[in-house]
Chemist: 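Here it is, the structure, as structure tokens.
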Amino acid sequence: MSPGWPALSYRAGRIAIMAVVAVVAGADHRLPAAPGAGTRGGGGVLQPLDASGAPIGPPEQVADLALAVADRERRERPRWVWASGAALYPVLLRAGVRVDRCHDIELTEALLLGYAGRWGEPRSFAAAWARLTGAPVPPDPPPRLAEPPGHGQGALFESPLAPPGPGIAALTRVYADQLARIAATEHPGRFRLLVAAESAGALIAVELGAAGLPWRVDVHDALLGELLGGPSPVGGPPRRLAELAARIAAAFDVPQLHVDSPLELVRAFARAGVEVPNTRSWVLRGVDHPAAPLVLEYKELYRIWTAHGWAWQEAWVRDGRFRPEYVPGGVVSGRWATRGGGALQIPKVIRRAVVADPGWTFVVADAGQLEPRILAAVSGDTRLATAARAGDLYAALAADAFGGDRGRAKVALLGAMYGQTGGSAAPALEVLRRNYPAAFGYVETAARSGEAGELVRSWLGRTCPPGSVEFAGADPVPAGGEGGRSARARARGRFTRNFVIQATAAEWAATLLATLRGELAGSDTELVFFQHDEVIVHCRAERAAAVAAAVTRCGERASALLFGQTPVRFPLDLSTVECYADAS
DNA sequence: CGATCCGGCGCC
DNA sequence: AAAGGGCGCCGGATCG
């Protein structure tokens with residue numbers, strides 16, 4: 001295992017460990033109601049632990065949990081062990097309390113269940129405790145619905161603490177059990193890093209949601225006016241959309257047409273003598289009919305209107321910040337998801353509205369060509385790793401084996417990672433297979449495993465979910481040409497092939513993010529956005545260079561933490577900009 | 001009628 | 001040129 005980094009290290013010798021359960025004041029008989037309890041979300045119980053998770057001394061009941069956590073954090077900076085950061089940390093943060101590191105029981109349970117092939121079993125602290133004691137396992141509560149800020153009860157800051165769980169003794173036993181299960185994995189050091197990064201992600205997600213992405217409503221409005229022509233006074237479509245719809249109808253020589261309906265569009269084209277299988281944009285781009293370019297323009301603007309228009313702004317932007325709710329581990333590959341707001345799909349044109357505060361700036365960093373570099377690192381393919389030392393991996397690969405044709409080199413690598421088999425990619429893939437056998441073999445092995453119904457794992461040990469049980473048996477679909485494999489098996493192979501890469505890339509990015517949070521802690525900077533392989537720091541303009549240097553260091557640290565001494569480089573594209581749209 | 005599926009497209 | 005992985009979100013279409 002590579003050298004640890006404080007926030008991610010599990011070397012417990014110098015790090016205090018503190019289990020904590022929150023107790024809603026007055027709602028739990030184990031905690032006598034105390035004067036002042038509940039002013040900051042209630043009291044709780046703290047329990048110091050040793051490195052193995054065993055209790056040190058008696059638990060301590062506190063009436064004001066946030067105060068107690070802040071105090072311990074200042075004195076000891078322990079690793080906090082708690083049931084769910086998603087539930088507890090918003091309450092602490094609202095009270096102004098930040099913590100450095102934690103072990104998130106719920107997220108860890110999900111990782112361990114997945115590792116054991118028990119995907120989908122309840123992952124809550126209560127469920128883990130029930131499994132440990134042989135009690136009936138309670139189902140997880142259903143996921144909350146997306147809830148824009150300022151509406152309803154305001155999920156992030158005003159949700160009450162969850163009802164009291166099984167208590168501090170149970171929590172410490174579940175923690176010790178998880179430590180033992182982690183130790184029993186194939187690569188415990190890697191899995192510890194995964195747990196630490198996932199737990200840190202839970203903290204960062206809450207902080208990101210609280211900070212929000214700076215959003216200039218006036219710029220957004222101007223942009224929408226420019227693109228859409230201003231909202232219609234009667235709640236109908238914006239002026240430019242209505243105009244386009246009219247012109248489309250005219251092009252089809254009909255009085256009116258429902259352009260939002262793919263079915264109506266296909267029929268209209270058919271009446272005009274153009275047979276299209278669907279109305280996808282790449283299909284329409286090849287259609288020779290005056291309506292086609294109009295429809296393409298309509299779709300683009302319609303998308304902006306419905307997904308990032310005035311209604312979206314009204315729902316999601318408050319006080320100059322877009323505040324989505326991030327969900328770490330919300331994607332099977334370990335990528336984050338968001339709940340509401342579509343934060344991970346902000347169209348490029350709309351990013352014009354993301355403007356730094358006066359005197360401040362954005363440091364935007366994204367990891368270029370991350371996935372092929374991950375492939376080079378995990379496969380240990382020395383020739384690919386050599387190419388991955390270059391700033392432009394595809395160009396280096398092209399020079400090495402593709403006769404300088406960068407496009408073919410890229411097609412080959414993407415095809416290998418996504419599972420493309422046919423088309424013009426085939427010969428390029430053959431070049432890849434011949435010249436980079438270890439890398440090619442790595443994804444091929446993952447694909448064959450998936451086709452055979454086996455599970456695959458990321459570098460740190462995140463495990464892919466099983467295929468649906470209904471398809472686990474014999475596949476009724478006749479086997480195609482691909483060596484007798486069914487279409488279903490091949491689809492599964494493409495999934496597992498991609499999983500080993502995408503999930504490891506997510507781990508690298510999460511590790512970068514966690515180390516960066518540590519570096520920025522206490523400084524006058526804020527993390528404001530994270531999207532798969534891209535991070536935005538909002539800081540005073542004069543600090544930008546220092547922040548950029550910190551991001552670079554953290555990228556190197558992430559690489560070392562995951563892969564140790566690897567020749568593969570993971571360069572970050574860095575921009576210091578006042579507007580997100582100006583980032584490279 | 002609401003719940004759910006699906007087409008389509010935004011991002012990585 | 002098109003298609004191969006992962007998502008969320010919208011509105012239309014369809015189901016019960």
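Proteins get letters first, then strands, A, B, ... in listed order; numbering begins at 1 in each. Both backbone and side-chain heavy atoms feed into the values below; hydrogens, waters and symmetry mates do not.
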Chemist: Grab the CD1-C1' distance between A:Ile501 and C:dC7 for me, whole Å please.
Modeler: 18 Å
Chemist: What integer distance in Å separates A:Arg497:CZ from C:dG4:C1'?
Modeler: 9 Å
Chemist: In this structure, how many angstroms lie between the P atom of C:dA3 and the CZ atom of A:Arg285, rounded?
Modeler: 12 Å
Chemist: Is it the case that over 12 heavy atoms from other parts of the model lie below 6.0 angstrom from the NZ atom of A:Lys410?
Modeler: no
Chemist: Is any side-chain N or O of A:Ser261 closer than 4.0 Å to OP1 or OP2 of C:dA13?
Modeler: yes
Chemist: Do A:Phe563 and A:Trp508 have ring centroids that are under 6.0 Å from one another?
Modeler: no
Chemist: Under 4.0 Å, counting only non-hydrogen atoms across every strand here, what does A:Gly415 touch: a base, just sugar-phosphate, or nothing?
Modeler: nothing
Chemist: Report yes or no: do A:Gln313 and A:Asp221 form a side-chain donor-acceptor pair below 3.5 Å?
Modeler: yes
Chemist: Would you call the rings of A:Phe402 and A:Tyr436 parallel, tilted or perpendicular, where under 30° means parallel and over 60° means perpendicular?
Modeler: parallel
Chemist: Are A:Tyr302 and A:Tyr298 close enough that their ring centres sit under 6.0 Å apart?
Modeler: yes
Chemist: Mark up nucleotides 7-12 of chain B, 5' to 3', with B wherever a protein heavy atom is under 4.0 angstrom from a base atom, S wherever such an atom reaches only the sugar-phosphate, and - elsewhere.
Modeler: SBBBSB
Chemist: Please give, in whole Å, the distance from C:dC7 C1' to A:Asn498 CG?
Modeler: 12 Å
Chemist: From the list C:dC7, C:dC10, C:dG5, which nucleotide is the closest neighbour of the side chain of A:Val332?
Modeler: C:dC7
Chemist: For A:His258, report the nucleic acid contact type (base, sugar-phosphate, nothing); a contact means any heavy atom under 4.0 Å.
Modeler: sugar-phosphate
Chemist: A:Arg494 has a side chain; which of C:dA13, C:dG4, C:dC10 sits nearest to it?
Modeler: C:dG4
Chemist: Do A:Leu111 and A:Phe191 have side-chain heavy atoms sitting under 4.5 Å apart?
Modeler: yes
Chemist: Listed by chain and number, what are the side-chain hydrogen bond (donor to acceptor under 3.5 Å, both in side chains) partners of A:Glu371, not counting sequence neighbours?
Modeler: none
Chemist: Tell me: CH2 of A:Trp312 to P of C:dC9, nearest whole Å?
Modeler: 12 Å
Chemist: How long is the line joining CG of A:Leu414 and P of C:dG5, in whole Å?
Modeler: 13 Å
Chemist: Distance check needed: C:dG5 P versus A:Glu451 CD, whole Å only.
Modeler: 13 Å
Chemist: In whole Å, what is the span from the CG atom of A:Asp260 to the C1' atom of C:dA13?
Modeler: 13 Å
Chemist: Both A:Gly286 and A:Ala337 contact DNA chain C. Taking the nearest nucleotide for each, which residue is further toward the 5' end?
Modeler: A:Gly286
Chemist: Checking all strands, does A:Phe499 fall into the base, sugar-phosphate, or nothing category for heavy-atom contacts under 4.0 angstrom?
Modeler: nothing
